[in-house]
Amino acid sequence: MKNEQNNNEPTRLDFIRSLIADCRYDDAMEMLQIATEDEPDNIDYNYELARIFMEMGNYSSAVSNLELVLEKTQSSLLYFMLGEAYQADEQIDKAIGAYLKAITVNENFPFAYKKLGMLFMARWDKESAKEYFEDYLNLDIAEDEKESIRKILERI
């Protein structure tokens, strides 16, 4: 019975997440490097690495880790995070592609529509911006957010 893990005992991942929550990124990174050596395909470890890399401004490493996670599981949030990493790394075409994939996975994921509207507006592609902002307005978002998007649409 000594080999059974106590269910009240925190897991390695719980400990790593607590380090991240305490902004102890160096310690969390060290633990994650050890953990990924033991389990290189563990999506939770790669996801947490991506979060730390984003926080530290290392966007290309965040992209690499998110792509590893997306090979195993797909979600609109993961594609959105990938888009954020690409956008922060000034790879706008790739960011747009990631946001579009987020919508493909979940057509009711509002954040990707807003980002697409903003990116197309920044490119002076008013028709595409208008399309994504209008789609965004049709989703379940706060009324004050709808009002700010309506004001943007009036200017377009």
Side-chain angles (χ1 to χ4, degrees), residues 10-23 25 28-29 31-33 35-36 39-156:
T11 65
R12 182 190 298 191
L13 186 60
D14 292 333
F15 180 66
I16 290 167
R17 286 180 174 154
S18 71
L19 292 172
I20 295 169
D22 290 340
C23 299
Y25 301 126
M29 187 73 79
M31 290 291 300
L32 282 164
Q33 287 172 338
T36 54
E39 301 174 65
D41 294 332
N42 184 305
I43 60 174
D44 292 318
Y45 296 151
N46 284 295
Y47 172 77
E48 296 303 335
L49 276 169
R51 285 183 50 209
I52 292 171
F53 285 132
M54 284 291 289
E55 201 61 43
M56 296 172 74
N58 186 342
Y59 305 117
S60 61
S61 293
V63 164
S64 297
N65 284 95
L66 286 167
E67 288 175 343
L68 285 171
V69 173
L70 284 162
E71 287 175 10
K72 305 285 184 192
T73 184
Q74 297 188 353
S75 78
S76 52
L77 180 59
L78 288 171
Y79 279 117
F80 182 80
M81 287 178 63
L82 183 62
E84 293 287 280
Y86 279 134
Q87 186 178 349
D89 202 31
E90 298 180 12
Q91 297 183 59
I92 303 305
D93 290 337
K94 288 183 177 183
I96 288 171
Y99 294 136
L100 288 170
K101 285 182 183 176
I103 292 171
T104 301
V105 172
N106 179 0
E107 65 184 24
N108 294 315
F109 189 73
F111 311 110
Y113 288 97
K114 183 177 181 182
K115 281 290 189 168
L116 285 164
M118 292 167 53
L119 289 177
F120 283 119
M121 199 165 89
R123 286 187 160 181
W124 297 99
D125 182 347
K126 293 179 181 181
E127 287 305 310
S128 295
K130 184 178 175 185
E131 175 187 339
Y132 286 104
F133 281 139
E134 287 173 348
D135 290 342
Y136 180 62
L137 286 174
N138 291 324
L139 299 173
D140 186 23
I141 58 174
E143 195 56 45
D144 61 333
E145 179 69 7
K146 286 184 179 186
E147 189 56 38
S148 69
I149 297 301
R150 285 186 193 112
K151 288 177 183 175
I152 291 170
L153 284 169
E154 286 174 12
R155 286 183 275 168
I156 293 177

Task: salt bridge (Lys or Arg N to Asp or Glu O under 4.0 Å) evaluation trace for R123 with D93 - done: CA-CA 11 Å; R123 286 187 160 181; D93 290 337; 2.3 Å; yes
- [ ] Please report the C-alpha distance between M31 and I20 in whole Å, then the side-chain angles of each, then the deciding distance to 0.1 Å, and finally whether the side chain to side chain contact (heavy atoms under 4.5 Å, CB included) criterion is met.
- [x] CA-CA 11 Å; M31 290 291 300; I20 295 169; over 6 Å; no
What closest approach, in Å, do [X] and [Y] show between heavy atoms, and which atom pair accounts for it?
{"X": "A129", "Y": "G117", "value": "CB-O, 3.4 Å"}
{"X": "K130", "Y": "I156", "value": "N-CD1, 4.4 Å"}
{"X": "G83", "Y": "A95", "value": "O-CB, 3.5 Å"}
{"X": "L70", "Y": "S75", "value": "CD2-N, 4.3 Å"}
{"X": "S128", "Y": "F120", "value": "CB-CG, 3.6 Å"}
{"X": "A50", "Y": "L66", "value": "CB-CG, 3.7 Å"}

Verify the neighbour count for atom [atom1] of [X]: are there more than 12 heavy atoms of other residues, nucleotides or ligands below 6.0 Å?
{"X": "E90", "atom1": "CD", "value": "no"}
{"X": "K146", "atom1": "NZ", "value": "yes"}
{"X": "E107", "atom1": "CD", "value": "no"}

TODO: Using ring pair (Phe, Tyr, Trp, His ring centres under 6.0 Å) as the criterion, list what pairs up with F80, not counting sequence neighbours.
DONE: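 Applying ring pair (Phe, Tyr, Trp, His ring centres under 6.0 Å) to F80 gives Y99, F109.
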Report yes if some heavy atom in the side chain of [X] is under 4.5 Å from a heavy atom in the side chain of [Y]; otherwise report no.
{"X": "L116", "Y": "Y136", "answer": "no"}
{"X": "D140", "Y": "N108", "answer": "no"}
{"X": "M118", "Y": "Y132", "answer": "no"}
{"X": "Y45", "Y": "I16", "answer": "yes"}
{"X": "M121", "Y": "F133", "answer": "yes"}
{"X": "V69", "Y": "M81", "answer": "no"}

- [ ] For T36 and N42, run side chain to side chain contact (heavy atoms under 4.5 Å, CB included): C-alpha distance rounded to whole Å, both residues' side-chain angles, the deciding distance at 0.1 Å, then the answer.
- [x] CA-CA 7 Å; T36 54; N42 184 305; over 6 Å; no
- [ ] Tell me, with the steps shown, if E67 and V63 meet side chain to side chain contact (heavy atoms under 4.5 Å, CB included).
- [x] CA-CA 6 Å; E67 288 175 343; V63 164; 3.6 Å; yes
Value rounded to 0.5 Å, distance of [atom1] in [X] from [atom2] in [Y]:
{"X": "N46", "Y": "S64", "atom1": "CG", "atom2": "OG", "value": "10.0 Å"}
{"X": "K72", "Y": "D41", "atom1": "NZ", "atom2": "CG", "value": "4.5 Å"}
{"X": "Y25", "Y": "E48", "atom1": "OH", "atom2": "CD", "value": "11.0 Å"}
{"X": "I152", "Y": "E147", "atom1": "CD1", "atom2": "CD", "value": "11.0 Å"}
{"X": "N58", "Y": "I52", "atom1": "CG", "atom2": "CD1", "value": "11.0 Å"}
{"X": "Q91", "Y": "Y59", "atom1": "CD", "atom2": "OH", "value": "12.5 Å"}

Which residues pass the salt bridge (charged side-chain N to carboxylate O under 4.0 Å, His left out) test with [X], not counting sequence neighbours?
{"X": "E134", "value": "none"}
{"X": "D144", "value": "none"}
{"X": "K101", "value": "none"}

- [ ] Just jot down the side-chain contact (heavy atoms from CB on, under 4.5 Å) partners of E127, sequence neighbours excluded, or say none.
- [x] D125
Task: Side chain D135, main chain P110, donor-acceptor under 3.5 Å - done: no
Open item on the list: The test is side chain to side chain contact (heavy atoms under 4.5 Å, CB included); show your working for L49 and L68 and say whether it passes.
Closed with: CA-CA 11 Å; L49 276 169; L68 285 171; over 6 Å; no
TODO: Output all residues satisfying side chain to side chain donor-acceptor pair (under 3.5 Å) with E55, sequence neighbours left out; order by chain, then residue number.
DONE: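 In terms of side chain to side chain donor-acceptor pair (under 3.5 Å), with neighbours along the sequence ignored, E55 is linked to no residue.
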